[in-house]
Amino acid sequence: MFKLGIIFLFFGLSTVKAQSVVAISDTIDERVFMPYELSYFIDAANTVPFKIISSPEFESRFKQHSSYHNIDFETNSSYWIRLPIKPDPQSRKVWLLEFYDQTIDSLQAFLPQPDGTYRKIKMGDHRAFQDRSFRHKNFEILLERTPRTLQTYYFKVRSHEFADVRIALRSVDRFVYYALNEYYLYGMFYGMILIITVYNFLVFLAIREIKFIYYICYILSVALYAMSYDGIGFQYLWPSHPEFNDWTVGISLYLLIFWSLVFTRRFLSARANAPKLDRALKAMIILRTVWFVLSLLVYPRMLTFRTLEIIPLSLIFFTAISVWRGGYRPARFFVIAYGVLFFGFFFRTLVYFNFLPLTTLTHYSLHFSFVFEMLFLSVALGDRIRILKDNRDRAMRRIIHQHEVNMQLKDKVNRELETKVIERTQELGNKNEELQASNAKLKRQSVEINQINSILDLDNWKLKNKVKEVLEEQMHEKAMDYEEFSTLYPDELSCYRFLEKVKEQNGFECYKCGNKKHSKGAQKFSKRCTRCGYNESVTANTLFHAVKFPLPKAFYLTYLTHSGKNLDTLEKLSERLGLRLNTVWAFRQKVMERLKEKQQNRTQVLYWEELIIDQNPSKIGTSKNHSTIVQNTVAE
């Protein structure tokens, strides 16, 4: 009670005045009471019962607040409204009271009865739609006829977000006329959205441009937002689920802004025409999505901050103007469309902050803006198609003209060429006879030269084999120096060929899975197993695998180590081969270890080539057979 006394004292000291009595007259069909004209009391703690509210002692606590603005509304507080009405016993009309705001969470009406008691009616968007006495999107209360000269009505309004507490007193005839016209206009509004949606879907089926799908998603989001905001969605789409009313406005508004940003990037080709603004649009999409997720999971009240949507709309409007000024013609109608929507949001914000009076035009300014915006966007899409078609037609005309010029030039060139061809044909006839005589002479000379070359090639081949045989014999009889050894293996290609022949004498066999079939490997001279895919290089499973210096030098070091006839010290051998001393010593040790393994296996190593391949009986065979293979390979 002490807390209630503090509240009463505060409102008693406010510079406000009491509500005057409202007299009903058949000469006036309608009267709308603005919030600053109503007498109300705010119960911030939601603890004052109706018995105290309706007591005569509490009447002085109800005051009018002439400086009230919509922004002053206290969410989750109970607004007790007192409305004294003086009925006209001679009135022939039936009267009702109507609350305009369909988003009020809880609305309790206390109606006076002839016996002096009050009948309570519960309303609000937290109750199922079929519980309403009037199947209308707004909240209506029918006034009962009574002989009493004064009736005092009490209303308790409570909402988790802003609630418009305007009350209309109107006759039923006026209400029916007003409601029918209002639903007729809503039908036109949503019908236009449906027609525009179907039209753009048919255009998408014809030209297959994804921007039309983005636009369809955008206008459907507009429809969902408008239906959630107007109460039409609750009446026709989810009448049995009032819990949706707390979420649909915020969710549909997010979808509206999201698809608007996506469509803007696609329609204006922002990535090509304005890269910096394109990045800003993508950042805005991410920020708006993060804001939406936080609103759903952490702080649902953030869904009601609708005035913040002026920021993404301003960015879209600025981007459209920048792209248009940059010379992108299809953006002109887009600028007009979002200019209309931008100013619609702007006017609705001014109404919310009481900078503009609340009229039918200003109340539905956002709806009008959506209609004109959708019309201009449809015109913009059509204008873009027309501009692209004009550009294509101009390009086709230029191509046709250029083709005609090319044909004329071609005919002229052909005529000149025909004349020159006739002249050249005569000259070529004379030259051809001379060439035939020369050709016959050259053929005879060619036959003679080929015979001589064949004889020389045969002699050269015999001489080369003789030289190799001599060097081979010298190599096994005495130590050869590096220059003589290089005659047998002059480069790495000859070494690769020698290794390939040695490894393939008994056919290919995969060292991984034993498969006999292979294909060409990734590197030169490599083999790839057709079963397991193992890629075997030519040096794999040999003494020279992973050698980091040239193969001819490795061959020579192997030869010297096997023969045991080193002509030079390690230092001189390192200097002669151009290798580091550690490299020469390490490779010699590797060869000596291989030779020692052969000796431990009681395998006689007659030739240095027998040290090349790793010990693998399935691949190498006996030492004698391998020696024969090596000798044949060297001879070749």
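What you see is a predicted model, and the numbers here were worked out from it, not measured in a lab.
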Engineer: Looking only at the side chains, is there a donor atom on one of Thr103 and Asp125 sitting less than 3.5 Å from an acceptor on the other?
Structural biologist: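 No.
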Engineer: Say you draw a straight line from CD1 of Ile81 to CZ of Phe33; how long is it, rounded to the nearest 0.5 Å?
Structural biologist: 11.5 Å
Engineer: Is any side-chain heavy atom of Lys63 closer than 4.5 Å to a side-chain heavy atom of His65?
Structural biologist: yes
Engineer: Verify, without hydrogens or angle tests, whether Arg174 (side chain) and Tyr178 (backbone) share a donor-acceptor contact under 3.5 angstrom.
Structural biologist: no
Engineer: Heavy atoms only: give me the nearest Ser369-Gly344 pair and the separation to one decimal.
Structural biologist: OG-CA, 2.9 Å
Engineer: So does Tyr68 get a backbone contact from the side chain of Asp72, meaning a donor-acceptor N/O pair under 3.5 Å?
Structural biologist: no
Engineer: Check whether any side-chain N or O of Gln64 sits under 3.5 Å from a backbone N or O of Glu37 as a donor-acceptor pair, and report yes or no.
Structural biologist: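 Yes; judged by distance alone, with no hydrogens or angles, the pair exists.
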Engineer: Should Arg266 and Glu209 count as an ion pair when the cut-off is N to O under 4.0 Å?
Structural biologist: no
Engineer: In sequence, state the C-alpha distance, the side-chain angles, and the governing distance for Leu83 and Thr152, and then conclude on side chain to side chain contact (heavy atoms under 4.5 Å, CB included).
Structural biologist: CA-CA 6 Å; Leu83 185 62; Thr152 303; over 6 Å; no
Engineer: What distance separates Met188 CE from Ile195 CD1, expressed to the nearest 0.5 Å?
Structural biologist: 9.5 Å
Engineer: In this structure, is the centre-to-centre distance between the rings of Phe99 and Phe155 below 6.0 Å?
Structural biologist: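 Close enough - the centres of the two rings lie under 6.0 Å apart.
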Engineer: Any side-chain to backbone donor/acceptor pair from Asp43 onto Ser78? Under 3.5 Å, distance only.
Structural biologist: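 Checked: no pair found.
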Engineer: What do the steps show when you test Trp95 against Leu142 for side chain to side chain contact (heavy atoms under 4.5 Å, CB included), and what is the final call?
Structural biologist: CA-CA 6 Å; Trp95 297 85; Leu142 187 65; over 6 Å; no
Engineer: With no hydrogens and no angle check, just 3.5 Å: does a side-chain donor-acceptor pair link Tyr177 and Glu182?
Structural biologist: no
Engineer: Main chain of Asp230, side chain of Gln102: is a donor-acceptor contact present, judged purely on distance under 3.5 Å?
Structural biologist: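 Yes: the side chain of Gln102 pairs with the backbone of Asp230.
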Engineer: Classify the ring geometry between Phe334 and Phe263 as parallel (under 30°), tilted (30 to 60°) or perpendicular (over 60°).
Structural biologist: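 It falls in the tilted class, 30° to 60°.
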Engineer: Just so I know, are the side chains of Tyr190 and Met227 near enough to count as touching, which here means a heavy-atom distance under 4.5 Å?
Structural biologist: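 Touching, per the 4.5 Å side-chain cut-off.
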Engineer: Just so I know, are the side chains of Tyr36 and Ser67 near enough to count as touching, which here means a heavy-atom distance under 4.5 Å?
Structural biologist: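 A side-chain contact under 4.5 Å is absent here.
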Engineer: Give, for atom OG1 of Thr47 and atom CD1 of Ile52, the distance between the pair rounded to the nearest 0.5 Å.
Structural biologist: 8.5 Å
Engineer: Here's a test for you: under salt bridge (Lys or Arg N to Asp or Glu O under 4.0 Å), which of Asp173, Asp29, Asp88 qualifies with Lys93?
Structural biologist: Asp29
Engineer: I need the single residue from Thr264, Ile310, Val335 that forms a side-chain contact (heavy atoms from CB on, under 4.5 Å) with Phe317. Which is it?
Structural biologist: Val335
Engineer: Determine yes or no for a side-chain-to-main-chain donor-acceptor pair under 3.5 angstrom, with Lys51 supplying the side chain and Val48 the backbone.
Structural biologist: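 No, Lys51 side chain to Val48 backbone: no donor-acceptor pair under 3.5 Å.
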Engineer: Side-chain contact test, heavy atoms from C-beta onward, threshold under 4.5 Å: evaluate it for Ser54 versus Phe110 and give yes or no.
Structural biologist: no
Engineer: Is the shortest side-chain heavy-atom distance between Asp246 and Asp105 below 4.5 Å?
Structural biologist: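 Yes. Closest side-chain heavy atoms under 4.5 Å.
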Engineer: Are Arg166 and Glu98 close enough for a salt bridge, meaning some N to O gap below 4.0 Å?
Structural biologist: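 Salt bridge: no.
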Engineer: Checking Glu59 against Arg82 for the side chain to side chain contact (heavy atoms under 4.5 Å, CB included) test, could you report, in this order, the C-alpha distance in whole Å, the side-chain angles of both residues, the deciding distance, and whether it holds?
Structural biologist: CA-CA 9 Å; Glu59 180 178 344; Arg82 182 178 182 275; 3.1 Å; yes
Engineer: Taking everything shown except Tyr100 itself, do over 12 heavy atoms lie less than 6.0 Å from its OH?
Structural biologist: yes
Engineer: Using the side chain to side chain contact (heavy atoms under 4.5 Å, CB included) rule, take Glu373 and Phe376 through it: C-alpha gap first, then chi angles, then the decisive distance, then the call.
Structural biologist: CA-CA 5 Å; Glu373 184 230 9; Phe376 280 115; 6.0 Å; no
Engineer: Counting only N and O atoms by type, is there a donor-acceptor contact under 3.5 Å from the side chain of Glu161 to the main-chain atoms of Ser159?
Structural biologist: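 Not confirmed, Glu161 side chain does not pair with Ser159 backbone.
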Engineer: Over 60° means perpendicular and under 30° means parallel, so classify the ring planes of Phe41 and Phe58, tilted if in between.
Structural biologist: perpendicular
Engineer: Any idea which heavy atoms bring Tyr118 and Pro112 closest together, and the distance?
Structural biologist: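 That closest heavy-atom pairing would be CD2-N, 3.5 Å.
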Engineer: Using 30° and 60° as the class boundaries, would you call the ring planes of Tyr154 and Phe50 parallel, tilted or perpendicular?
Structural biologist: perpendicular
Engineer: Is the backbone of Asn76 close enough, under 3.5 Å, to the side chain of Asn46 for a donor and an acceptor to pair up by distance?
Structural biologist: yes
Engineer: Taking all heavy atoms of Pro239 and all of Gln130, pick out the closest pair and write down the distance.
Structural biologist: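 Heavy atoms only, the tightest pair is O-OE1, 3.7 Å.
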Engineer: For the CG atom of Leu277 and the CD1 atom of Ile316, what is their distance to the nearest 0.5 Å?
Structural biologist: 12.0 Å
Engineer: Output yes when Asp278 and Arg265 qualify as a salt bridge under the 4.0 Å nitrogen-oxygen rule, no when they do not.
Structural biologist: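 Judged by the 4.0 Å cut-off on N to carboxylate O distance, Asp278 and Arg265 do form a salt bridge.
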Engineer: Within the side chain of Ser39, is there an N or O that forms a donor-acceptor pair under 3.5 Å with the backbone of Phe62?
Structural biologist: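 Flag set: sc Ser39 to bb Phe62 pair under 3.5 Å.
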Engineer: Would you find a donor on one side and an acceptor on the other, under 3.5 Å apart, between the side chain of Tyr215 and the backbone of Leu377?
Structural biologist: no
Engineer: Would you say the side chains of Asp115 and Thr117 form a donor-acceptor pair under 3.5 Å?
Structural biologist: yes
Engineer: Around Phe318, counting heavy atoms of other residues, nucleotides and ligands shown, do more than 12 lie under 6.0 Å from its CZ?
Structural biologist: no
Engineer: Relative to each other, are the rings of Tyr225 and Tyr229 parallel, tilted or perpendicular (30° and 60° limits)?
Structural biologist: parallel
Engineer: If you measure only the distance, is there a donor-acceptor pair under 3.5 Å linking the side chains of Tyr183 and Gln235?
Structural biologist: yes
Engineer: Would a 4.5 Å heavy-atom cut-off, applied to side chains only, mark Leu375 and Ile196 as touching?
Structural biologist: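 Contact flag for Leu375/Ile196 side chains = yes.
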Engineer: Please report the closest heavy-atom contact between Gln151 and Pro87, naming both atoms and the distance.
Structural biologist: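 Nearest pair, atom of Gln151 first, then Pro87: OE1-CG, 4.3 Å.
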Engineer: Where is the tightest heavy-atom contact between Leu107 and Ile104, given as atom of each residue plus distance?
Structural biologist: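 Reported closest heavy-atom pair: CB-CG2, 4.2 Å.
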Engineer: Would a 4.5 Å heavy-atom cut-off, applied to side chains only, mark Arg61 and Trp80 as touching?
Structural biologist: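 No - every pair of side-chain heavy atoms lies 4.5 Å or more apart.
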Engineer: Would you mind reporting whether Val249 and Phe244 have side-chain heavy atoms less than 4.5 Å apart?
Structural biologist: no
Engineer: Sort out for me which residue in Tyr254, Trp259, Phe258 forms a side-chain contact (heavy atoms from CB on, under 4.5 Å) with Ser221.
Structural biologist: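 When side-chain contact (heavy atoms from CB on, under 4.5 Å) is applied between Ser221 and each of Tyr254, Trp259, Phe258, only Trp259 qualifies.
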Engineer: Hey, could you give me the CD1/CG distance between Ile213 and Asn200, rounded to the nearest 0.5 Å?
Structural biologist: 9.0 Å
Engineer: Got a second to check how far Met284's CE is from Ser314's OG, nearest 0.5 Å?
Structural biologist: 9.0 Å
Engineer: State, to 0.1 Å, how close Ser260 and Tyr218 come at their nearest heavy-atom pair, and which atoms those are.
Structural biologist: CB-CE1, 3.6 Å
Engineer: Does Lys86 have more than 12 heavy atoms from other residues, nucleotides or ligands lying within 6.0 Å of its NZ?
Structural biologist: no
Engineer: Centre-to-centre under 6.0 Å for Phe139 and Phe134, is that the case here?
Structural biologist: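 No, too far apart.
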